[in-house]
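What you see below is based on every heavy atom in this structure, not just the backbone, and it leaves out hydrogens, waters and symmetry mates. As the structure is a computational prediction, the values presented were derived from the model and not from experiment.
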Amino acid sequence: QVQLVESGGGLVQAGGSLRLSCAASGRIFSINAMGWYRQAPGKQRELVARITNGGSINYADSVKGRFTISRDNDKNTMFLQMNLLKPDDTADYYCNASIRTRSWTAPSDYWGQGTQVTVSS
């Protein structure tokens with residue numbers, strides 16, 4: 001009923017930039033917090049950045065000053081602008097959203113399928 005679709009991943013050289021997008025669609029009453037997570041090979045999934053529907057933001061220390069998260073509430077879309085990319089940023093990036101599908105239901109967590117980001121040295 002709800003889909004999150006990421007786009008914008010790819011291969012980039014160190015120091016370059018990428019912009020990820022996440023579009024939520026389906027039966028959506030409201031979206032609370034949205035976030036980007038990443039998982040590198042052999043590592044656990046980790047939070048990259050998170051933004052609430054009120055605009056409060058937090059970042060992982062490793063991306064502060066380089067990544068910027070934003071969202072368009074009217075379009076149920078979230079973005080991650082990634083600058084000064086490093087090889088350590090190489091991972092699969094996942095979109096996450098806490099979504100309420102009815103006014104009377106509790107929000108549930110939804111995940112996108114992931115988009116690959118590869119940063120070459």
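Considering all non-hydrogen atoms of both residues, Gly9 and Val117 come closest at CA-CG2, 4.2 Å. Thr68 and Tyr59 get closest at one heavy-atom pair: CA-OH, 3.3 Å. Residues Val5 and Gln113 share a closest heavy-atom pair of CA-OE1, 3.9 Å. Residues Pro87 and Ala14 share a closest heavy-atom pair of CD-CB, 4.1 Å. Of all heavy-atom pairs spanning Met78 and Cys95, the tightest one is CE-SG, 3.6 Å. Contact between Asn83 and Ser17 at its shortest, heavy atoms only, is OD1-OG, 2.9 Å.
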From CA spacing to verdict: side-chain contact (heavy atoms from CB on, under 4.5 Å), Asn53, Arg71: CA-CA 8 Å; Asn53 56 355; Arg71 62 190 281 179; 3.9 Å; yes
Tyr110 vs Thr101, side-chain contact (heavy atoms from CB on, under 4.5 Å): CA-CA, chis, key distance, verdict: CA-CA 11 Å; Tyr110 293 87; Thr101 57; 3.7 Å; yes
Trace of the salt bridge (Lys or Arg N to Asp or Glu O under 4.0 Å) decision for Asp89 with Lys86: CA-CA 5 Å; Asp89 296 318; Lys86 305 175 181 180; over 6 Å; no
Intermediate values then yes/no, side-chain contact (heavy atoms from CB on, under 4.5 Å), Leu47 and Tyr37: CA-CA 4 Å; Leu47 174 67; Tyr37 290 74; 3.6 Å; yes
Candidate pair Arg38 and Val63, rule side-chain contact (heavy atoms from CB on, under 4.5 Å), full reasoning: CA-CA 12 Å; Arg38 67 186 181 186; Val63 306; 4.0 Å; yes
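Within a 6.0 Å sphere centred on CZ of Arg102, other residues, nucleotides and ligands contribute more than 12 heavy atoms. Annotation: Gln3, atom CD; neighbour count of heavy atoms from other residues, nucleotides and ligands within 6.0 Å does not exceed 12.
Remark: the backbone N or O of Cys22 is not paired with any side-chain donor or acceptor of Glu6 at under 3.5 angstrom. Side-chain N or O atoms of Arg27 include none that pairs as donor or acceptor with a backbone N or O of Val2 at under 3.5 Å. No side-chain donor-acceptor contact under 3.5 Å links Thr118 to the backbone of Thr90. Of the possible polar contacts, none joining the Asn32 side chain to the Ile99 backbone as a donor-acceptor pair under 3.5 Å is found.
Residue Arg100 holds its CZ atom at 6.0 Å from OG1 of Thr105, rounded to the nearest 0.5 Å. The line from CZ of Arg19 to OG of Ser70 is 5.5 Å long, rounded to the nearest 0.5 Å. Here the CE atom belonging to Met34 is positioned 7.0 Å from the CG atom belonging to Asn76, to the nearest 0.5 angstrom. Here the straight-line distance linking atom OG1 of Thr115 with atom CG of Leu18 works out to 8.5 Å at 0.5 Å rounding.
Side chains of Trp36 and Met82 form no contact here, defined as non-hydrogen atoms less than 4.5 Å apart.
Classification of the Phe67-Tyr93 ring pair by plane angle, with boundaries at 30° and 60°, yields tilted.
Side-chain heavy atoms closer than 4.5 Å link hydrophobic residues (I, L, V, M, F, W, Y) into clusters, and following such links, possibly through other members, connects Leu85 to Ile69. Each of Tyr94 and Val48 belongs to its own hydrophobic cluster when Ile, Leu, Val, Met, Phe, Trp and Tyr are linked at side-chain heavy-atom distances under 4.5 angstrom. Both Val12 and Leu20 belong to a single network of hydrophobic side chains, linked directly or stepwise wherever heavy atoms of I, L, V, M, F, W or Y lie under 4.5 Å apart.
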